[in-house]
Structure formats: structure tokens, C-alpha cells
Amino acid sequence: MGIAKDFKNGYLSGLGVTMKTFVKTVTPKKMGGGAATVQYPHEKEAPPIRARGVIALREDNCTSCMLCARSCPDWCIYIEGHKELAPPRRAGGAPRKVNKLDRFDIDYALCMYCGICVEVCPFDALFWSPEYEYSEPKIADLLHDKTKLGEWMETVPEYPELEAGAQKGKK
Amino acid sequence: MSVFAVDIPYWGQSLLRVLGGTVAVLLPAGTIVYLFLFKMMSFMQSRLGPMEAGPYGSMQLVAEVGKWLQKEDLQPLRADKRIFKIAPLIVLVSTFILVAVVPFGPDAYFTNFQAGIFYALAVSSVSVLGILIAGWSSANKYSLLGGLRAAGQLIAYELPMVLAVIGVVIQAGTLNLQQIVVAQNAGEMFGWNGLGNPYLLTQFVGFVVFMISVQAELTQTPFDMPIAESELVSGYMTEYSGFRFLIFFIAEFANVGVFSLIAAVLFLGGWGIPFSWFGWHSMGDVDNWMNIVGPLIMVTKMIVLSFVVMWVRFSYPRLREDQLQRFAWKVLIPVSLLNIMVTAVLKVIF
Amino acid sequence: MRCASRSWSAVVPLSDTGTEAPALPGDALRERIVDQLRDALGDGLVDSLVKPGVDVWVRVRTDAWRAAGIALRDIVGCQYFCFLSAIDWLPSPFGRGEDDPTAPPPERSTEIRQGYTGGDTRMQVFARVTNLSLHVGVTVKADVPDDDAVVDSWIPVYAGANWHEREAHEMFGIRFAGHPDLRNMYLPTEFEGHPLRKDFPLLARLVKPWPGIVDVEPLPGGDDDNEEGGGE
Amino acid sequence: MTDLLDRQKLSYIAAQAADARLNVELETEGMTLNIGPQHPATHGTLRIIVRLDGEQVVWADPSAGYMHRGYEKLTEVRTFPQVTTLVNRIDWLGSFANEVPFILAAEQLMDIEAPPRAQWIRTILFELSRIANVGLFLGDLGVQLGAITPVFLAFRDREYVLNLIEAATGGRFHPNFDRIGGLKDDLPKGWVDETRQVMKKLRNFCDEMENLLFGNAIFQTRTRGIGVIPKDVALQYGLSGANLRASGVDWDLRRDQRIPLAYDKVDFKVWTHPDGDSFARCWIRLQETREATKIVDQLLDGLPSGPVMAKVPRIIKVPEGEAWISTENPLGEMGYYVVSQGDLGPFRVKIRTASFNNISIVPWVLRGVFVPDVITILASLYFILGDIDR
């Protein structure tokens, strides 16, 4: 039966908590104390592997099929591509028609980091990277073109292994 | 009679006193703001407080003052210009004239009134005026509410403070603060004078009532209805900005410092260490070096007392307006009256 | 300072869920509710649908709307007012705003199809109330006449319906007879038009062309592959 | 100089006219106070027009709409996967808890059942977002009543829970982790024991809050007997969650409704309180946070293994039909009435949020109350602005 325990109807219980926190903060970090603040510019907190910081593009995977631009809720991916004839794979074969990417911009001023584009891309050209320090003084610079997106590629981490009991499910 | 080696003309002494007074008010205000508001509060909330301005954020105060000074000094359109301007000054002035009566050493004092404590209590209610006209003149509904609340609260807590002090005065037998300090350090409790007779122990009820009333006089958290930031945005200070807000800010923390000084004098034995430790018996044979050590002892006692005031400020929620008044009239005043009666009876017996 | 005037009141002994899980509503319970409503409202109850093991929908005539509310609250015992809103069954003439502005606008079916328990007007008002002791909820619908969209207000039945009706009024333009102040809930007072109607355009999707539009151009010149790809 | 004065006069008159339009009959002695859109006590931009007689409220009328983003209109132009990203921004504190009812409604329409492991992980993340949401309430309650310290302790301990959610889903506030038919991904390695430690820290945080705030006599005098809402009024206005249980109604959707989550496999208490005053509401939320940590512990022990995503077609077309699913969100009962006509996106989504009903009782409960108590009652009702305005 959950009769609420009667409260220490007191004034001192509150003072006790603040003093305990005070002592805990004052004791140096080595002995288990220390404040919860991370002094950002000097110390940096590493975001978890799966953090959705920025979208990176591997350009040669992209066949400009426009699936990501069509399924983005915020309409913030702009793609322009054209068709080209590429040399045939086997000698004497017919030249292949290949989609060349002219422009692949993601406007991070509009993007809400939902991740639908990364998920919907059939050719695995878009990846998440936990990078988060790319704020710009001018909002126009938040429109990252495909070279900038390519630069983010090397910050993309490996796919983390999963928890015990996870089955690489039949997707 | 001047303690200093060289003989200074009268205008020189009063100039020194004015300078000493400003230092005695602003220095405690600055240390309290930095030590308690910036550092201690943050440590109590498991954070580090300002760390960027200077080593461990020591220059943060300079940064704050600089910020406020360069901010534009706004006045609301329908404000009562003149009164709006002088309101913060009144609140600050009341702190300065209050510190004039606090003794810091056998000879190191600004003034030595015979009716010292009477003057202190009278003057401390001047700040109520400043707060009230600040609330009224900024033509803002929230400030008006804040100002009226402040008036009600400060007057309601004037009474228990005065009554608590009367207990001390009865036991010390004098109104002069210097004599109160001597009475505490030279006296003895029940025949044993190892620790002198700090009124903290013999007048404990008076001390508790006095500290609660001081907490209310300073509009600190259990009683900070006038600046109830979650209801009245920031009470009577809502419309102030720039250096007028800075004056209010300094006045608030200077008040904490000065009231702690007065509480130290009344209850913790002021600048003196129990005379019996040095074999002194009365004011006469106190050595000269006490004039230097006295202020240091006063500052430490002040730091201890304002630590308690601030500690309560950071751990308690806020009372409601009518609960506050009920608490003052129905609890504090009867208790302090009882305290006076008991002290008077004991005074006669011993 | 003593705390509150009253002494510390004992807490109601808690219903710990350890023992048996309370009986979850079977379909018999839902049938019984429909029968109760039918004999309470007579022919006011036009249609009802019980999806086995899921939920129960009921449609009443427009003039029996308040009577249905009273019957639900008193006879069926649904004291808990969940929500009240409206649906506009007209398919939206703008689609999802993803049409190609250059191409001629595709024609879309404007045929109105009502959902569960049918209905024959464009707009329907619907509400949901729950019976806490039997753990069962009922969704009740009523048609809103197309010519003058007026429905009785549910405020005398459930006081909480006040805000819901104000929102339905400003979003769909349905007037609730008997509502004390039908001011706008969200929109500014001088906003005209009812946004949640399907024929109210969503400007965000019209102002900006959809980046997903693919205008495919034939390969330049077909076989002469040395010419620089023209592109867009 | 003179035209400046005229302009000032005109704007002054316009202001007065706007004010007059608000208070219908001109009161002489009453003072109309705007606890305005920008006010420290409202979680966002809720404006309450309050007519005072001295410090007592005579008449109060909240006017919402400053944060109205038109969610129900937006859902009509979006496909089903896009709606989940839109919908977890309604109650931006209980992030994951917004997606679950919508996804369950869509699954009910397609009659797909998420695999057991997905259901268990959904319940764990649901309870974690409850802890994050109500944890912040406990801190914020202190600030509303004047105590500065609780809010910092609350933010510090809530950070651990947010890091957990970010480690699993990628987003701290907007996880977008729920898919029709299961979850986007499985939990990363080492997440389960990390969560167990965080649950211990959270229980310690609840004890600290109890000592710092609830045990304090000043807090009790400020909240006991303030804003009492009797049982039948609460039911009429459709209050839900802790506000309803504080009025003595023993109703908890997790236990009483058949929802395809893992609540029936977990043993937890439903706390109620007979008083129905502000203290009861806050106290119940504190107990619920403790219960949530216990639930998460039990779920972590019994987490089944297996796939996380059911067999679902790539392009989701929900068959025609209507579904109503509501779950016990941190703020109260949140439900989605999804109408689909077999299209890529929903035809109409009615979003029933808890705060809309919880705040619709404010005009009733604020009559004859002191100004500081207005803030206490608003704090104890605990609404999020995005919830009211949608």
C-alpha cells in the first residue's frame, strides 16, 4: 500500500541538499567531485556515434535519382544532374548512359535533421556524421554544396555494433 | 583626538571618513556578489559559475559593471521622470548612512553615537521609500505591484527587527554600538568568562528573529515577493536599465553586507575577540594593533553571516504575500516580545 | 510556522496492478453501448460500427447531437470528455503541392467519400468520450448540414467542450448554437477563411516550387557523344 | 516636435482601444493585467488576460495561438514517414512519446504488429522521454515558486537521459526513431548497462527533489489547498495524466487501455491523491518519475532478442479507414485520430493533446485566486505551449 511517507516537515532538508551539492562540486574531479559543466571552447564533449550532426555525401554513389529531394519534408535538397555517355565497360560495348551530378545542395538553414533522405537513398550515397561545429555568421553560407558535403565524408564514423540480442533484422 | 601619527585638519578627517565609508560599503558588496552570487551559488548547483573573465572569473564584476554602464538608460514614456531618476539613489544612500555607525575597532569607527543602534534602525527604513517610489514612478503595472508589496513587507518586518534588538540593548544596558561590543567581549556567562558573552548564545531567540527580519528587509528569497521574477518579472526594478539598475544591484548587495555587519556587532561580539584571552578588562587597555585586526575580524564575521543569508536564499521557495504578513505579525512579533520579557526578567535577577 | 491548516491527509490506498488486470472491454460491451444509445435516441442513432476488438463508432442525426451527448454521459456513463473536432471530407484540390507548375494541373477526383458510419454532407463534427470505469471509449459523429453549418453546442453536457468548439468554429466555420463566446481560439480576430477546410490553400506549398520536380530532358543529340552534355 | 506628440497620442489611443476591446464592460476600479506572451511563468507564449481586484483575480482568460503552427493542416500534405518527423515537435520535451501513438494508429490501420523487441524498446524510450519531461517539470516547479537551485539540478540529471536517447536514436529532442512496423535501428552496444546507471542517478535526483522542494514547509504552504480541482470538474474538462490522478481518479492509460506496448508485462503502481490541489499534482509527478525508473529497470531485465522491424513494404500506402490510439504521455493523454483514404499520406489527423484540455480549465480554476497562486496553479498543471497550440 503506498501511503506516502510523512515528509521531514522541515526547513533543514533543503539546506542539506544544497550543502551536499556544494561539497560535491568543490571536491576535485579525481575524488569523484566536480561540477557538471563542460567548459565548451576548452573542453569538448564528444557526441555519440549515431548523433545526427550533418549529412555527408559520397558523390560517386549518387545517381541523382532525386528520391531524397522528393521525400524531404522541408524541401531543402536541391539536385541538378544531366545525362552523359560514359565509356562502355567492355570494349566494343555500347556507351553507357550515366547520370552526372551538377549540383547537390542541402540548405541546413531549412533542414530539420530528420534523416529521411539518408534512409531513403537506395544507393547509400548519404551518411550521418556527428559533426556539429559548422555554424556560420551568414545564413546563406548554410547552403552546403556537394564539395562541402564531400568534405564531411571523412568525419562519418564506422557503423557501431549493436546491443546483445539484436538481430540484424530482415529489413 | 586622532589616532594617526600626523595631525590631520578636520576637513581631512571627514574626507577620510567618507572614503572609508564608501570602501566599507562597496568592498563587502563586491566580495559578496563575487563570492556568493557568482561562485557559491554555482557550486551549490553543481556548476562552475563565471570562469572566462579573468582567472576563475574574478574580473566578472568588472565586466558586469562595464556592461551596465554602457547600456542605454531607458525611461518609460509615461514614467514620472524626476522621481524615476532619484529612486535608486535613495536606496543606495540609505546603505551608506547606515554603515556610518558601525564600529570596526576600538578607535577605528566613523562615528560614535551614544544612540548608535537607534540611529541604525531608523535609517534602515529609508530604503523602503526608495523602493516604493521606484515602483510607483515606472508606470508599469508589475512595478506598481512590486513596489506596494515591498512597502507592506519592509514595514511588516521593521517591527520584529527592532524588538529583537531591544533584547540585546537590555542585556548590554546601552544603545551605543561600541559599548555593546565591549559588553559582549568583557562580560562573562554564568561566571565563566572564557568566551566573553556573545549575545548569539544568550540572546539566541533574538538572533533568529533578527536574521529572519534581515532576510525580509533585504527582500531575499523566502521573502522576495517585491522582485518575484516568476510573477512580477522583476518587481519594482522592471523598468530600470543601464547604470540605474546597477545602483539597485549594488544597493541590494551592499545592504546584505551592512546588515551582516550590524548583526555581527549585535550578536557575534563585533570587532573584538573575548578580552579575557588577552587579559584586558575594559575598553581602556585594548592595544592599538586591535585597530588593524578589528576590521579583519568584522569582515570574517560578516562573510559568515552573509553566507547563511545567501545559503537560505538559494535553497528556499518563496512565500506568498499574505502568508508573509501573517508570519510576521502572528509569529515573529509575539516571539520577540516574549524574548524581551524574558531578557528583562533575567536582567533583574542576575 | 505550521504548514497547511489541515493535517497531512492520508493518501487514498493505491490500486496496485499486481493482482488481476482489469477486464479489457470485449465486443459485447460495445454492442451493449450501441443498444443503449439506440433505445435512448430512437431513430436519432443513424448508423453504428463496431470494429471487433478495436473500437466503436456511432453516427447520430444532427438535431440529436446534444441528446446523444446527454445519453452518452448519463446512460452509457462516459463522464470523461476526450475531445471534439470536425472533418472536411472534400478531397483537397491542391494535392500535396508537388505538382509541376509548368505542366497543366492534373485533374483530381472531387467525389466526397465519408469514412466509417457513412454520412452524406461534406463536413462532419465528431467527438470522443470515455467511460473510465468500463475502460471503453465511444466516437460519436454527426453530419453538419452544408447550407448553414450549425450544430448544437455540447457545453451544457461537457463544460470542457468550450475550447474545442471554438477551435472547430475557427478551423471549419461550423457555428455552435448556444456557445457563449465563439471567439477565435488561435487565429487573430481579423483572420478570414477557415484553414482546415480542404479548399483553403496551404501557402507554404504554393509559394516555393517543389525541388523534387524532375524535368527530364532527352540526351543532347542522341549519338554524337563528344558534344558537352547540355544538362538542365 | 508636435507631430511626434500626435503620433504618440494616436498610438496611446490605439493601445487603449485595444485594451477596451478586450475587457468588454469597462471596470472602473479593477486592473487588467496581461500575464503576457513573453512572461517567465508561461512555458512559451501563452497570454492570460487577468482582471485584478487588488491582488485577487476576478476574471482570467488565457488566449493561446502565439505558437500555432497548423499541424493538422501540415499533416494533410505529408506522407506517413514525413508525419512522424513533424509530429515529435508537438510536445518538444517528451520527444519520443509523441511519435508512438501516431505510429500505433497507422499500424492498427495496416494491422501490422511490431516485433516484441521493437515494442519493448519503444516502451523503454517512452519511459525515458517521460523521465526527461517530468524531470524538467520538477526543476521548473521550483523556479516558478522562487527556489533557484532545483532547476539546475534538474537540467544536470536530465542531461544523462538525453544523452541516452541521443546515443540510441541520434537526436536528443527529436529522435524520429519510430517507423511503421518497428524501429529504425537497434540499440548500440553497452546501452543497456549505461541506462541502468542513469536510472540509479535519476532515483537519487528524485530523492534530492523531495528533500529540497517537497519536504520544505514553505513549498507546502504555497501549494497545499491551492487550485483545488474536484473529480467531476476534472472529468468534464477532460484533464488527463497527473492532473486527473491528483483529483482522485484512478485512470492510467498504460494499464487500463489495450496498447501494443510492453506495459502489460511490467508491474508498476498508479499513484493517486484525494486532494486535487497543486501539491497533489506535483507530488504525483514526482512519484511517477520514480515509477518510470522502476519500469525501465524491469524492461531492461526482460528485453527479448530478435528483429526490430516487421516486414513492411518500402512505399507505405495505408489502407482506407479510421483509427484512434491514445497513450499516457508525460503531460497526459495524447491521441491521434488518423483518417486515411488509401493515399501515401493521411487524409486527416486530429491531434488530441493533453495540455489543450489541461489549460481549458484555467478560467474556471483561477477565479478568486491571488496573483502568486496563478503562477503556482499554472506550474502545477504543467503544460507545454506546443501542446496547446499545435
Side-chain angles (χ1 to χ4, degrees), chain B residues 36-38 40-49 76-78 139-149 152-153 212 215-216 219-235 238 310-327 330-331, chain D residues 4-5 8-9 11-12 15 31-36 38-42 50 52 54-56 139-157 159 205 208 211-224 226 369-376 378-379:
Chain B
F36 296 127
L37 192 63
F38 290 159
M40 183 189 102
M41 174 160 138
S42 334
F43 290 159
M44 280 191 171
Q45 292 158 357
S46 90
R47 49 188 180 85
L48 293 180
L77 176 68
R78 287 175 274 178
N140 165 342
K141 291 174 183 161
Y142 287 120
S143 322
L144 180 64
L145 276 178
L148 296 179
R149 281 186 182 182
Q153 168 180 328
I212 293 176
Q215 189 88 5
T219 58
Q220 295 290 350
T221 284
F223 309 97
D224 74 344
M225 264 56 75
I227 327 166
E229 64 280 352
S230 67
E231 292 139 27
L232 304 177
V233 185
S234 71
T238 320
M310 286 295 178
W311 185 15
V312 168
R313 171 183 175 152
F314 299 139
S315 336
Y316 276 64
R318 183 185 308 127
L319 270 171
R320 205 180 53 198
E321 193 54 31
D322 53 338
Q323 290 159 351
L324 168 132
Q325 301 286 351
R326 200 177 303 131
F327 177 55
K330 285 204 179 123
V331 173
Chain D
L4 183 69
L5 281 183
Q8 274 163 354
K9 256 198 231 77
S11 68
Y12 181 68
M31 175 171 90
T32 310
L33 186 68
N34 277 325
I35 301 190
Q38 282 76 25
H39 189 274
T42 54
V50 166
L52 297 182
E55 279 235 2
Q56 220 159 10
D140 170 74
L141 179 69
V143 172
Q144 307 289 350
L145 294 176
I148 313 164
T149 320
V151 74
F152 288 100
L153 302 186
F155 270 106
R156 174 197 62 186
D157 289 333
E159 211 51 38
F205 160 71
E208 265 179 12
N211 292 338
L212 186 60
L213 213 52
F214 288 79
N216 196 313
I218 296 180
F219 176 82
Q220 297 200 12
T221 44
R222 273 298 297 278
T223 49
R224 273 196 190 286
I226 310 283
V369 145
F370 287 109
V371 170
D373 288 341
V374 168
I375 309 297
T376 321
L378 284 178

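Chain A is the first sequence line, chain B the second, and so forth, proteins listed ahead of strands; every chain is numbered from 1.
With a 4.5 Å cut-off on non-hydrogen atoms, Arg222(D) touches chain B through its backbone and its side chain both. Contact of Leu141(D) with chain B is not made at all, since no heavy-atom distance falls under 4.5 Å. Looking at Phe370(D), only its side chain comes within 4.5 Å of chain B, counting heavy atoms on both sides. Neither the backbone nor the side chain of Met225(B) comes within contact range of chain D; no heavy atoms are under 4.5 Å apart.
Side-chain contact between Gln323(B) and Pro372(D) is absent, with no heavy atoms from C-beta onward closer than 4.5 Å. A 4.5 Å side-chain heavy-atom check between Leu145(B) and Met31(D) finds at least one atom pair inside the cut-off.
Partners of Arg318(B) under the salt bridge (Lys or Arg N to Asp or Glu O under 4.0 Å) rule, at least two apart in sequence or in another chain, are Asp224(B), Glu229(B), Glu231(B). The salt bridge (Lys or Arg N to Asp or Glu O under 4.0 Å) search around Asp373(D) returns Arg320(B), not counting sequence neighbours.
Most heavy-atom pairs under 4.5 Å with chain D, from the set Ser42(B), Pro222(B), Ser46(B): that is Ser46(B). Residue with the most contacts toward chain B among Val143(D), Ile148(D), Leu33(D): Leu33(D) (heavy-atom pairs, distance under 4.5 Å).
Once rounded to the nearest 0.5 Å, the distance linking OH of Tyr316(B) with CG of Leu213(D) reads 12.0 Å. Separating the OH atom in Tyr142(B) from the CG atom in Asn34(D) is a distance of 6.5 Å, to the nearest 0.5 Å. Summarising the geometry, atom OG belonging to Ser315(B) is positioned 10.0 Å from atom CD1 belonging to Ile218(D); distances are rounded to the nearest 0.5 Å. Once rounded to the nearest 0.5 Å, the distance linking CD of Gln45(B) with CZ of Phe155(D) reads 12.0 Å. Distance check: Met44(B) CE to Leu153(D) CG gives 11.0 Å after rounding to the nearest 0.5 Å.
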Practice task
Check the pair Thr221(D) / Arg326(B) against side chain to side chain contact (heavy atoms under 4.5 Å, CB included), numbers first and verdict last.
Solution key: CA-CA 12 Å; Thr221(D) 44; Arg326(B) 200 177 303 131; over 6 Å; no

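Contact between Pro317(B) and Asn216(D) at its shortest, heavy atoms only, is CD-ND2, 3.6 Å.
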